[in-house]
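Everything on this sheet refers to the single structure shown next.
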Amino acid sequence: MKLIASLLIAAALVAPALSNAAEPATPAAKADLAKGEATYTAVCASCHGADGNAGSPAYPKLAQQHPDYLVKQLQEFKSGKRANAIMSGMAAGLSEADMKNVSAWLASKEAKPNFAKEKDLVVLGERIYRGGVADRQIAACAGCHSPTGAGIPSQYPRLSGQHADYTMAQLNSFREHGNKGVGQNVGRGNSAQMSGVAAKLNDREIKAVADYIAGLR
């Protein structure tokens, strides 16, 4: 009798666990592109352009960017992990659903091509982007962002065609953070990997890489 009772108790404990394990996971809600467009138009378009192709080189092109990357950046602007007075204010009013919808809509838009302007630096920019700088242990940009600048979804952003001025500003900000003193919260500090790379680049190299990226397709 004791054996039977023990078996019944064990069965009673295992049955709920099996039942819960068998329950299918609730699928994540799909992004609403119409809501994304409406939110983008109201909040973002004045700086980043009607279709995500910012006209001003001071603002990044967002069209065709990987949505997971965009969501992450918006979350970090909102939390303060990525410091930017304008973007922190814009992101503060966005819900997680808003971020997902806007990012999905931007990913659906086609990025317009750009071009390199610094002909005397383009060779240097290409060499660093594709091969890095071995003697200073600077990794090739293409290793993470791909040879064409398309990036890797969910991991590394698309760079091709980005405004050179914006890319330079970000690299300088990453470098500032990478070279910061102990306890100093300066520059763009939301990517230790990029801070480490940019800290090893000089002004001429940053300008060359940024200009080369602008012409990638």
**Asked** Which distance, rounded to the nearest 0.5 Å, do you find between the CG of Asp203 and the CG of Asn172?
**Response** 6.5 Å

**Residues Lys180 and Glu176 bridged, charged N to O under 4.0 Å** = no

**Asked** Any Lys/Arg nitrogen of Arg82 or Glu76 sitting under 4.0 Å from an Asp/Glu carboxylate oxygen of the other?
**Response** no

**Request:** Indicate whether the side chain of Asn190 and that of Arg188 have a donor and an acceptor atom separated by less than 3.5 Å.
**Result:** yes

**Prompt:** Taking Arg158 for the side chain and Gly149 for the main chain, is one N or O donor matched with an acceptor at less than 3.5 Å?
**Reply:** no

**Side-chain donor/acceptor of His177 to backbone N/O of Val186, under 3.5 Å** = yes

**Message:** Please find the pair of heavy atoms, one from Leu201 and one from Glu205, that lie closest to each other, and give the distance.
**Reply:** CA-OE1, 3.4 Å

**Request:** Using the rule that two of Ile, Leu, Val, Met, Phe, Trp, Tyr join whenever any of their side-chain heavy atoms come within less than 4.5 Å, decide whether Leu62 and Phe77 are in one cluster.
**Result:** no

**Pairwise distance CG(Asn53) to CD(Gln64) - rounded to 0.5 angstrom** = 9.0 Å

**Message:** If hydrophobic clusters are built by linking Ile, Leu, Val, Met, Phe, Trp and Tyr wherever their side-chain heavy atoms come under 4.5 Å apart, do Phe174 and Val133 end up in the same one?
**Reply:** yes

**Message:** Could you check whether Tyr212 and Arg130, counting side-chain N and O atoms only, form a donor-acceptor pair closer than 3.5 Å?
**Reply:** yes

**Request:** Evaluate the ring planes of Tyr59 and His48, with Trp represented by its six-membered ring, and classify them as parallel (under 30°), tilted (30 to 60°) or perpendicular (over 60°).
**Result:** perpendicular

**Fill in**
d(Leu33 CG, Lys30 NZ) to nearest 0.5 Å is 10.5 Å

**Request:** Quick one: do Leu94 and Thr39 satisfy side chain to side chain contact (heavy atoms under 4.5 Å, CB included)? Show the steps, please.
**Result:** CA-CA 9 Å; Leu94 298 179; Thr39 301; 3.8 Å; yes

**Message:** Parallel, tilted or perpendicular: which one describes the rings of His145 and Tyr156, with boundaries at 30° and 60°?
**Reply:** perpendicular

**Asked** Got a donor-acceptor contact below 3.5 angstrom from the Ser146 side chain to the Ala142 backbone?
**Response** no

**Prompt:** Without hydrogens or angle criteria, can the side chains of Arg175 and Ser173 be said to hold a donor-acceptor pair below 3.5 Å?
**Reply:** no

**Asked** Could you give the distance from CD (Glu96) to CG (Leu74), rounded to the nearest 0.5 Å?
**Response** 9.5 Å

**Message:** Quick check on the hydrophobic clustering: are Leu106 and Met99 connected, directly or via other members, by side-chain heavy-atom contacts under 4.5 Å?
**Reply:** no

**Request:** Find out whether Ser160 and Arg217 are in side-chain contact, i.e. whether some heavy atom of one side chain is under 4.5 Å from a heavy atom of the other.
**Result:** no

